[in-house]
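First, the structure itself, so that you have it in front of you.
In listed order, ligands and their atoms are each counted from 1.
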Amino acid sequence: MNLPNLEEARKRTLKKSLIVKNNYDFKKIVKDQKYFLKTYGCQMNEHDSEEIRKYLEILGYSKTTILEEADIVVLNTCAIRENAHDKVFGYLGRCKHLKKEKPDLIIALGGCMSQEESVTQEILNKHPYIDIVFGTHNINDLPKLIIDSKNKRQIEVLSIEGNVYEDILYSRDSNITAWVNIMYGCDKFCTYCIVPYTRGKQRSRNLSKIVEEVKDLKKEGYKEVTLLGQNVNAYGVDLNDGTNFKMLLENVAKTGIERIRFVTSHPWDFTSEVIDVIAKYDNIMPYIHLPLQSGSDRILRLMGRRYTKEEYLRLFKEIKEKIKGVSITTDIIVGFPNETIEDFNNTLDIVNTCKFDGAFTFIYSPREGTPASKIKDNISKVEKEKRLYELNDLVNKYSLENNKKLEQKQVKVLILGISEKDNNKMYGYTETMKLVNVKLNKELIGHIIDVKITCAKSFSLDGEII
Ligand code: SF4
């Protein structure tokens, strides 16, 4: 049994990670049994679930989307928001109930939440029906933990990140678009964020291995890859050999895959060279998610974001000037401790200046173990909600305005599937990452087609095939 320790994770300096080949030396252990996998949180977790799914399938489990049919339930959890904990434990209540009817059911909990020491302790003390707990640093131990759980409960969460694994196999969600992990962890330690503690220090993957993975995906027919990391612009810094994100992006562009995207960027590490590469290659999509978090220098300092409002605006301007037709979205937190009305108005000012294509907006909530959680959370819930509504109104206004500019224009859309809201329509994304619904036949799924936009709304566009 191994328990994580957040404080230890923060103080530690990372020894250089070894790059090792992942081990698939295990066999099918079950027949006619089903797995139910539920994923919470960000794209990184979605992609980790594609790895988890592969292990489950190699062991012989097949997928079910009905909890009651499962022989093994795996919850891949998120620790970013305060209510994530309640949601997961609420769901575990259902699993516990099911286990009373199916005593052989295996319940496994993984992801960022299990990296929190308090959560692992809570499971040890209060939730004996959970058979396996694993963390973000040892996903590849899952097959062994499942096999060993037949004899004994398995709680194995590593507080120290280990090797960087290459040649990982995935059971991917889509055969059109694919996540490609380029790095693990984050070194930025923004004061409100739990990620550097739950995901560890930054470790970059080998550049040529990433390019190989993209080439393989292209050969398999994938149209789009999204390079994935907590702070992709810092890719390579930890390798100490001059490798950087600009080099990676350029090499991936040269594979000729049709569409390349990347998330997430930190403004502090975003270089002019990266902007130039995006502008140079047609297959790097003109879409950038550039988290702002706050428009107040005082709050940015308290958040440990390392840039000022002016620096953000300078970067924003350079991106807009150099990359033709680029769309930019952002993340904004309201109600950070001590955020005054003046600070909040500064955030509104920057939204008015940048007129973002969209924004993910959040109410601040403290995460245990982070430096910000030690500052008194002194803004009332009512006030935080009031600021959020005001911000959302503004964000939605600009989102609609930007989308309206596309009406009657021709755009290229990669068609991904049937629209959830209207079965007669297909949905896909423009190069600038705008959701488009269009009436056409299923044969065009996986194709990039020319569409005329007929109606623009705040969050999506309607179009017709040209
Ligand atoms: S850069 Fe992103 S992932 Fe890293 S600490 Fe800051 S908010 Fe968290």
Can you pull out the closest protein heavy atom to atom 7 (S) of ligand 1? Residue, atom name and distance to 0.1 Å, please.
-> Tyr192 OH, 3.5 Å

Non-hydrogen atom of Arg305 closer than 4.0 Å to ligand 1 | yes

Ligand 1 atoms nearer than 4.0 angstrom to some heavy atom of His266 are 1 (S)

Report yes if the distance between the aromatic ring centroids of His137 and Tyr184 is under 6.0 Å, otherwise no.
-> no

Does atom CZ of Phe360 have more than 12 heavy-atom neighbours, drawn from other residues, nucleotides or ligands, at distances under 6.0 Å?
-> no

Tell me, which protein residue and heavy-atom name are nearest atom 6 (Fe) of ligand 1, and how many Å apart are they?
-> Cys190 SG, 2.3 Å

Are Tyr287 and Tyr429 close enough that their ring centers fall under 6.0 Å?
-> no

Measure Pro196 to ligand 1 on non-hydrogen atoms and call it side chain, backbone, both or neither using the 4.0 Å cut-off.
-> side chain

Distance from Glu431 atom CD to Asn283 atom CG, nearest 0.5 Å?
-> 10.0 Å

Among all protein heavy atoms, pick the one closest to atom 8 (Fe) of ligand 1 and tell me residue, atom and distance.
-> Cys193 SG, 2.3 Å

What is the nearest protein non-hydrogen atom to atom 2 (Fe) of ligand 1, stated with its residue, atom name and distance?
-> Gln230 O, 4.2 Å

Taking both backbone and side chain into account, is any N, O or S atom of Cys186 nearer than 2.8 Å to atom 6 (Fe) of ligand 1?
-> no

Answer with side chain, backbone, both or neither: which part of Phe189 has a heavy atom less than 4.0 angstrom from an atom of ligand 1?
-> backbone

Should we count CG of Asn352 as having more than 12 external heavy atoms under 6.0 Å?
-> yes

What part of Val195 sits under 4.0 Å from ligand 1 if we count only heavy atoms: the side chain, the backbone, both or neither?
-> side chain

Give a yes or no on whether the ring-centroid distance for Phe316 and Phe356 is below 6.0 angstrom.
-> yes

Determine, for Arg203 against Asp238, whether the closest basic-nitrogen to carboxylate-oxygen distance falls under 4.0 angstrom.
-> no

